[in-house]
K.L.:
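Below is a structure I'd like to ask you about.
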Amino acid sequence: MELKVPMPSLGPDMQEGKLMKWLVHPHEKVKKGDALAVIETTKSTIEIESFHSGVVERLIRDEGSVVHVGEEILLLELDKTEERTMDKKVETEGVPLSKNREMVSMLMSRSKKEIPHFYLKHQIKLGTLISWLDEKNKHLPPEERLLLPIVFFKATLLALKEVEDLNCTFEDGKLKRFDSVNLSIVLLDKEKTTLAPTIMNAEKLNLRDLQQKVLDLDERARSGRIHNTELFNGTFTITNLGERGVDEVYGVIFPPQVAILGIGRPHEVNASFVCDFTLSADHRITDGLYGAKFLRKIDSFLQTPKIFEEML
Amino acid sequence: MNRLDVINKLRDIFQELTPEIPFDELNFQEPFRAQVEVDSLDLYRIFVRIHRTMGIFIPDSKLESFMSLDDLINYISEQPIHRPPPGPGL
C-alpha cells in the first residue's frame with residue numbers, strides 16, 4: 001500500500017514551506033519517527049519525521065522547492081504490519097485531525113522533542129485573597145465582578161518582572177528577553193481543542209482591562225473567531241484548564257517560549273482554600289532555583305491583595 | 001424566593017448562556033461538574049446573571065460548597081434579595 005506524505009502544517013499561519021534537504025533516499029527503509037526532510041518556514045527550520053514505517057518509493061519534490069501545505073512531497077510504500085494497522089485505522093477511526101488539532105499536535109510534539117522540561121509545584125493559600133475579592137465584588141455591579149483567575153494572571157505578570165529568563169523565547173540557539181509580556185492564555189475552541197491566543201503588553205493592563213481582554217478572547221475562541229495573528233508572539237503562557245476538575249496541571253511549553261504556568265482548581269484542604277500552581281520550564285534556559293523564586297513571588301503577591309487596589 | 005421560582009430562573013439563565021447544557025436532564029443531586037464541562041468563565045457568566053436577575057450575590061468563598069445544583073438552588077432560596085448596584089448601561 002502506497003502512502004503519499006504531504007507537506008505538514010508546522011504552525012497555524014504556515015501556508016508553504018521550503019524543502020531544504022532530503023534526509024532519506026529512494027528505496028531506503030524508514031521507521032516511524034525517522035527524520036525525512038528539513039523544512040524551512042518563515043519562522044524556523046524544522047526536521048519533519050515519518051509517522052509510518054515503510055520504504056521510500058519516490059521523492060516527489062526536489063530540494064529547494066517551495067511546497068504548499070498539504071501538497072505531496074514523498075511516496076512511501078508502507079510495510080505490511082503498518083498497512084494492516086492503517087486499514088484498521090481507516091475502518092475504525094479514519095477521521096483526519098482538525099486544522100487546530102493538527103497544529104497543536106505538531107507544536108506539542110516539537111516541544112517535547114526539543115525542550116528538556118522541568119516541573120515545579122507550589123500550593124498557595126487563598127483565604128486572604130478570596131476574602132478581599134468577596135468584599136470587593138459584593139459592592140460592584142454584577143457585570144463588573146472581578147474574577148479570581150484574573151488576579152492570578154496579574155500576580156503572574158508582576159512576578160515575571162522580578163524573575164529573569166522566564167519571559168523570553170529561545171530559537172535557533174538564541175535567547176531573546178522581553179521587557180513586555182505577551183501573555184498567551186490557553187483556551188478551548190468550539191471543538192474543545194486547546195489554543196493559546198496572546199494578549200500583547202499584558203503587564204500594562206489594569207485588572208479590569210485584563211479581564212475584558214480575557215473574556216473577549218474566550219468568547220471568540222469558543223465561536224472560532226480568533227485571528228491567526230493572535231496565536232503568535234507570545235512570550236509566556238498560562239493554562240488554568242486545571243480548574244475544569246483537576247488540582248494540578250503541568251503544561252507543555254509552547255515553543256519558542258521557555259515556560260508555562262499551570263493553575264489548578266481552587267479547592268479546600270483542612271478547611272482552607274488553596275490552589276496548586278505549577279511551572280514547566282526549559283532547563284536549557286533556566287533552573288529550578290529561578291522557577292521556585294517565581295512561584296514564591298506569585299504567592300507573596302496573592303497574600304497581599306491590597307496591592308491590587310491600585311491596579312483595578 | 002421559593003424553590004420553583006429559583007429553578008425556573010436558573011433554567012432561563014442556562015438556556016441563554018449555555019444552551020449546550022440540557023438543564024432539565026441534569027441530576028440536581030449529583031455533582032454538577034461531573035455532569036457538565038464548565039470553567040470559571042462559564043461560572044462567572046452564570047453568577048453575573050444570577051446577581052442581575054435574582055439580586056443574589058454568590059461570593060467566591062461559597063463556590064467550593066456548591067457541589068450540586070441542589071446546593072446552589074438551596075443557597076439562592078435562603079438568601080434575602082438585594083437590588084444589585086446598577087451595571088454599565090442600565
K.L.:
Measuring from atom CG of A/Leu148 to atom OG of B/Ser61, what distance do you get when rounded to the nearest 0.5 angstrom?
P.N.:
11.0 Å
K.L.:
Counting heavy atoms not belonging to A/Lys192, are there more than 12 under 6.0 Å from its NZ?
P.N.:
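Yes.
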K.L.:
More than 12 foreign heavy atoms under 6.0 Å from CD of A/Glu309: is that the case here?
P.N.:
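It does: A/Glu309 CD has more than 12 such atoms within range.
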K.L.:
Nearest heavy-atom pair of A/Pro142 and B/Val48: which atoms, and what distance?
P.N.:
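Minimum heavy-atom contact is O-CG2, 3.2 Å.
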K.L.:
If a pair satisfies side chain to side chain donor-acceptor pair (under 3.5 Å) and one of its residues is in residues 15-24 of chain B, list it, with sequence neighbours excluded.
P.N.:
B/Arg11-B/Asp24, B/Glu16-B/Arg49
K.L.:
Any salt bridge between B/Asp60 and A/Lys136, counting N to O under 4.0 Å?
P.N.:
no
K.L.:
Please report the C-alpha distance between A/Arg145 and B/His51 in whole Å, then the side-chain angles of each, then the deciding distance to 0.1 Å, and finally whether the side-chain contact (heavy atoms from CB on, under 4.5 Å) criterion is met.
P.N.:
CA-CA 10 Å; A/Arg145 179 182 183 130; B/His51 194 179; 5.7 Å; no
K.L.:
Considering only heavy atoms, give the residues of residues 210-225 of chain A separated from chain B by less than 4.5 Å, sorted numerically, with 'none' for an empty result.
P.N.:
A/Gln211, A/Val214, A/Leu215, A/Asp218, A/Glu219, A/Arg222
K.L.:
Could you give the distance from CG (A/Asn137) to OH (B/Tyr44), rounded to the nearest 0.5 Å?
P.N.:
9.0 Å
